[in-house]
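One structure below.
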Amino acid sequence: MEPAKAYDPKTVEDKIYKLWEESGFFAPEAHQPRADNPNKNKSFTIVLPPPNITGELHMGHALNTVIQDVLIRKKRMEGFKTLWIPGTDHAGIATQAKVEKELRKEGLNRFDLGREKFIERIWAWQEIYGNKILGQLKKLGASCDWSRTRFTLDKEYEKAVQAAFLHYYKKGLIYQGERVVNWCPRCATSLSDLELEYTEEKSHLWYIKYLLRKDALRQTQGDDNFIIVATTRPETMLGDVAVAVNPKDERYKNLIGKKVILPLVGREIPIIADRAVDQKFGTGAVKVTPAHDLTDSEIGLRHNLKIIQVIDERGRITKEAPLPYQGLKIAEAREKIIDDLTKLNLLEKTEDYIHQVPKCYRCNTVVELIPSKQWFLKMSDLAKQAVKAVKSGKIKFSPKNFEKPYLDWLKNVRDWCISRQLWWGHKIPLDGVDDVLDTWFSSALWPFATLGWPENTKDLKTFYPTDVLSTARDIINLWVTRMIFSGIEFMGKAPFHTVLIHPTVLTKEGQRMSKSLGTGIDPVGLIEKYGADAVRFGIAYQLLGGQDIKFSEENIVMGRKFCNKLWNASRFVMLTSDVNDEPLTSDVNELPKCQIIQQLNQTIESVNKNLENYQFGEAAHTLYDFFWHDFCDKFIEETKNSAQGGSASGGKNQKLLLHVLLTSLKLLHPFIPFITEEIYQQLPIKDKKQSLMIEKWPL
RNA sequence: GGGCGGUUGGCGCAGUUGGUUAGCGCGCAGCAUUGACAUUGCUGAGGUCACAGGUUCGAGUCCUGUACCGCCCACCA
């Protein structure tokens with residue numbers, strides 16, 4: 001049957017993907033490399049950044065899938081032992097929050113179910129969404145080795161996590177400590193600094209009078225009988241243990257060492273001097289609450305102050321506070337305290353104040369700082385290793401300027417709080433501990449745990465270290481740094497040589513795409529509308545210069561048009577080919593040195609160079625221009641004219657047409673795999689491979 | 001508060017080490033055409049390259065400053 005006039009991706013894509021899966025060529029051992037292949041002993045490995053099982057994929061995933069698949073498909077055609085490992089991430093807090101939200105719709109919370117039932121419920125969720133995500137990757141055409149699919153919470157992976165934890169523990173790098181940690185009262189867990197999201201909020205700066213104790217009063221010659229502190233968190237005053245001023249501050253020099261009476265509480269607390277106090281802010285005198293503020297906690301340590309916890313894990317005032325405030329929620333307590341201070345005439349003034357409020361990055365609840373017993377991983381030595389790997393050039397970032405934020409962060413890094421009071425995650429391997437590990441502790445092991453570590457597997461020997469890691473910039477420090485030091489620590493080698501930071505996909509208006517804002521675009525919807533190849537080519541075409549992408553559907557339209565052009569040009573070549581009885585050859589040596597061949601060779605050279613430098617957009621543009629304008633508009637039209645004069649030159653032109661078409665299909669295949677494969681399957685050529693996937697890449 | 005990036009035709013973007021008429025996609029206008037393709041072909045309109053100075057024989061491209069936009073990082077109560 002004659003191929004349809006217009007290319008219809010719907011009739012092609014599922015069929016072709018099935019063909020690929022059945023061929024087995026996604027796995028590195030599926031086909032024998034040619035004897036003359038210089039790369040046959042080299043491997044090329046990518047680990048897919050495992051998507052969180054919290055929902056469906058977004059455009060960022062689609063973009064990253066295109067990048068990785070282009071790299072993988074090209075290397076596969078070059079004859080490398082190519083492995084792209086897929087998988088998903090259990091995403092501790094994110095998934096737990098998602099499932100809790102589901103429960104809430106049923107009027108339940110996780111405590112109603114209990115730990116075991118709740119975890120069962122999440123496993124049911126992971127079954128659905130994990131598979132959904134893998135299905136979406138397949139729709140995009142990802143040529144991952146699905147037989148090696150991993151999940152960060154599967155049984156084997158659990159072994160890796162345990163082994164890692166015990167290694168650190170035995171080495172003395174893991175310790176338990178009572179520290180002030182970020183705490184989400186809704187999730188009831190600690191959070192790392194990186195898991196906070198700050199939002200700017202209008203609030204107030206309250207100026208509160210702390211009265212001096214009577215004997216202190218007698219000793220001061222001034223007429224002030226109080227010191228004023230400014231705060232944005234009046235409710236924490238219930239836990240104050242001192243008032244601090246800068247030692248150089250002349251205004252307060254004679255007050256240092258004196259005592260004040262903490263309003264509403266009645267506790268006597270000292271006025272101390274500490275360098276952390278900024279003279280210029282507020283009144284230059286700051287209330288010190290070591291239990292609920294990080295700076296204060298450090299001041300407390302320096303001055304040997306008590307820690308009085310007045311906010312508990314659920315965000316309520318504790319029994320350490322005076323009776324009237326006990327059990328109140330933070331907002332209620334704040335209101336009552338302001339009220340009471342006003343009545344006592346201790347509120348000097350209230351100013352409007354805009355400040356950054358930390359919120360839980362998963363559930364958007366205001367995060368509290370509370371003292372809590374947690375597990376920490378010592379970072380200083382590990383961070384040094386991670387710094388060295390990049391400074392020595394063993395790992396390169398592309399674009400290079402992302403090395404700076406990476407190095408800056410590592411330079412100032414604090415110990416990593418790795419315990420979470422969640423139910424969904426890896427349990428800390430020590431008896432009697434209910435805490436789980438930060439989800440990033442397990443994903444830090446991804447490049448080698450997916451290959452079988454801690455067992456010394458064949459895969460590990462063959463495919464580690466991996467080659468390119470492609471990811472979004474916002475998880476450089478959450479994930480990339482931690483993979484790097486983990487790889488060095490456990491494998492003795494950096495886990496990859498290149499970190500590819502891809503652009504962020506924004507809306508056309510320049511907004512961040514997000515579900516909650518309603519600005520997200522579903523790649524699968526686009527695939528249904530335009531076809532996967534159109535989506536892929538549209539994305540690749542826009543991957544220029546490395547800056548963020550304002551997504552516009554017009555590029556996908558272009559992709560669809562291009563696919564159609566390719567389809568019809570191929571139809572033309574094939575229709576005219578049928579005239580010949582003999583199968584046509586694509587032997588390069590028989591080709592004349594004409595203009596189209598010259599242009600083709602330039603295209604090959606340019607595409608190779610651009611792909612080696614991760615210039616995907618440039619490569620896509622080059623291919624587009626060559627195929628459409630040089631090949632279709634000029635060369636094909638010319639062959640029509642020359643054919644009219646007689647059939648003598650017809651055969652030669654056929655070979656040429658077929659050669660250029662086949663080479664173009666090879667070059668385009670990494671970008672638009674479905675349509676190129678479909679056409680390849682129909683081509684009347686000798687020595688056809690089972691799939692275009694394993695054809696020889698043009699050099 | 002610190003760091004990074006952006007500002008080029010209606011929209012989305014390219015412009016390598018400074019050098020003849022600043023490119024691409026989408027859109028727009030006119031013309032063409034049933035024989036690969038109307039998801040087409042040809043032709044064309046449309047930009048004082050954010051602003052102000054400076055370096056240079058010559059700057060979208062280098063330097064200084066300004067404005068606006070975006071992102072990341074940061075314990076200023």
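Proteins get letters first, then strands, A, B, ... in listed order; numbering begins at 1 in each.
Evaluation of the side chain to side chain donor-acceptor pair (under 3.5 Å) rule for A/Lys400 yields A/Glu403 as partners, not counting sequence neighbours. In this structure, the side chain to side chain donor-acceptor pair (under 3.5 Å) partners of A/Glu553, at least two apart in sequence or on a different chain, are A/Lys529, A/Tyr530. Scored by the side chain to side chain contact (heavy atoms under 4.5 Å, CB included) test, A/Thr471 finds A/Pro49, A/Leu469, A/Ile475, A/Trp479, A/Val480, A/Ile501 as partners (sequence neighbours excluded).
Taking the six-membered ring for Trp and thresholds of 30 and 60 degrees, A/His629 and A/Tyr624 have ring planes more than 60 degrees apart, a perpendicular arrangement.
Stem analysis of RNA chain B (Watson-Crick or G-U pairs, both distances under 3.5 Å, runs of at least three) returns B:1-7 with B:67-73, B:10-13 with B:23-26, B:28-32 with B:40-44, B:50-54 with B:62-66.
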Sequence neighbours left out, cut at 3.5 Å: what donor-acceptor pairs do the side chains of residues 271-278 of chain A make with other protein atoms?
unit_1, atom_1, unit_2, atom_2, d
A/Asp274, OD1, A/Ala276, N, 2.8
A/Asp274, OD1, A/Arg302, NH2, 3.0
A/Asp274, OD2, A/Arg302, NE, 3.0
A/Asp274, OD2, A/His303, NE2, 2.8
A/Asp278, OD1, A/Lys280, N, 2.8

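Distances shown here put every side-chain N or O of A/Lys565 at or beyond 4.0 Å from the OP1 or OP2 atom of B/C37. Dashed line: the shortest gap from a side-chain N or O of A/Tyr7 to OP1 or OP2 of B/A36 is not under 4.0 Å. In this structure, A/Lys640 reaches the B/A36 phosphate: one of its side-chain N or O atoms is under 4.0 Å from OP1 or OP2.
Counting any heavy atom pair closer than 4.0 Å across all strands shown, A/Cys632 reaches a base atom. Within 4.0 Å of A/Asp633, counting heavy atoms only, lie sugar-phosphate atoms of the nucleic acid but no base atom.
Atom P of B/U8 sits at a distance of 9 Å from the matching atom of B/C13, rounded to the whole Å. Distance noted for atom P between B/C28 and B/G10: 15 Å (whole Å). When the P atom is used for both B/C49 and B/U7, the distance is 13 Å, rounded to whole Å.
You won't find any donor-acceptor pair under 3.5 Å spanning the side chain of A/Gln542 and the base of B/A14, going by distance alone.
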(request) Quick one, give me the B/S/- string for nucleotides 25-30 of chain B, reading 5' to 3', where B means a protein heavy atom under 4.0 Å from the base and S means that only happens at the primed atoms, P, OP1 or OP2. (result) SSS---
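Taking the six-membered ring for Trp and the full ring otherwise, the centers of A/Phe226 and A/Tyr210 sit at least 6.0 Å from each other.
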